[in-house]
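Report on the following structure.
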Amino acid sequence: MAANDRRTSQAPRDYSASSRTGADQEYTYLAVGMVAGAIPGIVIGLLLAIPLGHAAMWVSVAGGVGILLGLVIAAVVYRRRQRHAVTGDQSSGPFSNR
């Protein structure tokens, strides 16, 4: 029987690198932005509920505002990084002189 030339089918070891299209990367940024905005929003809502009462209301409102801010900031950061990656602009890095 002839030798099998195909590679052995193994699962990828780094799951973050598998099928990383532009849409996958954008959704990752948005998901991280939502969580990053929701956590401080929930904490702020709980702190507001201490003197004002109605914890569920304040957690909902502050958490929702945090999620929206996180989504907007994540979208801006993703588009800025995508634009710099396409143009190859290295001058806007953390050590730039601008």
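Just so we're clear, the structure is a prediction, and the values are computed from it rather than from any experiment.
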Picking from L46, L48, I42, what satisfies side chain to side chain contact (heavy atoms under 4.5 Å, CB included) with I44?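 Testing each of L46, L48, I42 against I44, the sole residue satisfying side chain to side chain contact (heavy atoms under 4.5 Å, CB included) is L48.
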
side-chain contact (heavy atoms from CB on, under 4.5 Å) partners of I39, counting only residues at least two apart: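 For I39, the residues satisfying side-chain contact (heavy atoms from CB on, under 4.5 Å) (neighbours in sequence not counted) are V35.
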
Pairs involving residues 47-65, ordered by first then second residue, that meet salt bridge (Lys or Arg N to Asp or Glu O under 4.0 Å) (sequence neighbours left out):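 Listed once each, the pairs would be none.
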
Qualifying salt bridge (Lys or Arg N to Asp or Glu O under 4.0 Å) pairs, either residue in residues 57-79, two or more places apart: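 Found E26-R79.
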
Members other than I50 in its cluster, when Ile, Leu, Val, Met, Phe, Trp, Tyr link by side-chain heavy atoms under 4.5 Å?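 Via sub-4.5 Å side-chain contacts, I50 links to V43, L47.
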
I'd like to check the side-chain hydrogen bond (donor to acceptor under 3.5 Å, both in side chains) partners of R80; sequence neighbours left out, ordered by chain and number.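 Per chain and number, R80 pairs via side-chain hydrogen bond (donor to acceptor under 3.5 Å, both in side chains) with no residue.
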
Between side-chain atoms of residues 57-74 and protein atoms elsewhere (two or more places apart, or another chain), which donor-acceptor pairs fall under 3.5 Å?
from : atom 1 : to  : atom 2 : distance (Å)
W58  : NE1    : G53 : O      : 3.2
S60  : OG     : A56 : O      : 2.6

Measure across P40 and A36 and return the closest heavy-atom pair with its distance rounded to 0.1 Å.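 Closest approach of P40 to A36, heavy atoms only: CD-O, 2.9 Å.
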
